[in-house]
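Beneath this line is the structure, given in structure tokens, with notes to follow.
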Amino acid sequence: ITVDLGGVDIDGVDDSDLELAGIDDGEFTTDAAAILDQEVVGDELVATVSGFSTYGITAPDQDPEIIDSSVTPANPDEDDDSATVAFDYEANPNPQDSPIDVTETDVEIEIDGDEVSDADDRIDIQITRNDAEVEIDDLEADETIEVELTVVDDGGNEDTAAETFTVDEV
């Protein structure tokens, strides 16, 4: 099988990463037994197959990416009303990958080593498909706060990042 890749343009995916997938035991997979070998040659994906099936081009599954995180104000102190920890992330640009799953995306918060949840009156967590914000109110001098985000897409892929800061005494 020869597939012309000249018209295939998937953001963030190089043609050399594209693969042929086929049906195997009712599942669409790149490990289909009928696909004996494959390689990208120039603008074509060339594959040797052992039989007739439904075949298609696929790109590798990739993880979402946390692209930025910050604490505002940068050096919170006990006189600040609150501090906000923000994370910006994106699902992988591969259109076959799933968007961010806000119900599976998780935030863990520790204050002085003790885990707290969004049920705590001091904590407000907002998670969207593009970013997450954690607001911590009633800051106390010398307390250390760690916020860890694990962003998950609908395919189960994930990325994790954390921000830690200590509240300054005035």
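Heavy-atom contacts from other residues, nucleotides or ligands closer than 6.0 Å to CG of Asp121 number 12 or fewer.
Atom CG in Leu149 sits 8.0 Å away from atom CG in Asp106 (nearest 0.5 Å). Glu110 contributes atom CD, which lies 10.0 Å from atom CG of Asp112 (distance to the nearest 0.5 angstrom). Summarising the geometry, atom CG belonging to Asn157 is positioned 12.5 Å from atom CD belonging to Glu104; distances are rounded to the nearest 0.5 Å. Atom CD of Glu146 is separated from atom CD of Glu115 by 10.5 Å, given to the nearest 0.5 angstrom. Distance check, rounded to the nearest 0.5 Å: CD1 of Ile67 to OH of Tyr89 gives 10.5 Å. Rounding to the nearest 0.5 Å gives a distance of 11.5 Å between CD1 of Ile127 and CD of Glu133.
In terms of the side chain to side chain donor-acceptor pair (under 3.5 Å) criterion, Asp15 has no residue partners (sequence neighbours excluded). Scored by the side chain to side chain contact (heavy atoms under 4.5 Å, CB included) test, Val116 finds Ile109, Ile111, Asp120, Ile123 as partners (sequence neighbours excluded). In terms of the side chain to side chain contact (heavy atoms under 4.5 Å, CB included) criterion, residue partners of Thr2 (sequence neighbours excluded) are, by chain and number, Glu44, Val46. For Thr103, the side chain to side chain donor-acceptor pair (under 3.5 Å) partners are Asp101, not counting sequence neighbours. Take Ser70 and apply the side chain to side chain donor-acceptor pair (under 3.5 Å) test, not counting sequence neighbours, and it matches no residue. Residues passing the salt bridge (Lys or Arg N to Asp or Glu O under 4.0 Å) test with Arg122, sequence neighbours excluded: Glu143. Remark: Glu140 engages no residue in a side chain to side chain donor-acceptor pair (under 3.5 Å) (not counting sequence neighbours). Partners of Ser50 under the side chain to side chain contact (heavy atoms under 4.5 Å, CB included) rule, at least two apart in sequence or in another chain, are Ala34, Leu36.
The side-chain hydrogen bond (donor to acceptor under 3.5 Å, both in side chains) pairs that include a residue from residues 24-38 are Asp37-Thr48, where partners are two or more places apart or lie in different chains. Listed by first and then second residue, the side-chain hydrogen bond (donor to acceptor under 3.5 Å, both in side chains) pairs involving residues 75-88 are Ser82-Glu135 (not counting sequence neighbours).
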From CA spacing to verdict: side chain to side chain contact (heavy atoms under 4.5 Å, CB included), Ile100, Asn130: CA-CA 8 Å; Ile100 300 301; Asn130 299 311; over 6 Å; no
Let's go through Ile145 and Val71 carefully: what are the C-alpha distance in whole Å and the side-chain angles of both, what is the deciding distance for side chain to side chain contact (heavy atoms under 4.5 Å, CB included) to 0.1 Å, and is it a yes or a no? CA-CA 11 Å; Ile145 300 172; Val71 177; over 6 Å; no
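Ile1 and Val40 fall within the same hydrophobic cluster, defined by Ile, Leu, Val, Met, Phe, Trp and Tyr side-chain heavy atoms under 4.5 Å apart, directly or through other members. Linking ILVMFWY residues whenever their side-chain heavy atoms come closer than 4.5 Å, directly or via other members, leaves Phe87 and Val152 in distinct clusters.
Looking only at side-chain heavy atoms (C-beta outward), Tyr55 and Ile35 come within less than 4.5 Å of each other. Residues Leu5 and Ile57 are in side-chain contact: their nearest non-hydrogen atoms beyond the backbone lie under 4.5 Å apart. Counting only heavy atoms from C-beta outward, the side chains of Asp137 and Leu139 never approach each other to under 4.5 Å.
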Run the side-chain donor-acceptor check on residues 158-168: report pairs under 3.5 Å with partners two or more places apart or on a different chain.
| from | atom 1 | to | atom 2 | distance (Å) |
| --- | --- | --- | --- | --- |
| Asp159 | OD2 | Ile66 | N | 2.8 |
| Thr160 | OG1 | Thr150 | OG1 | 3.1 |
| Glu163 | OE2 | Ser69 | OG | 2.6 |
| Thr166 | OG1 | Thr144 | OG1 | 3.1 |

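Here the shortest heavy-atom pairing between Arg129 and Pro99 reads NH1-CB, 3.1 Å.
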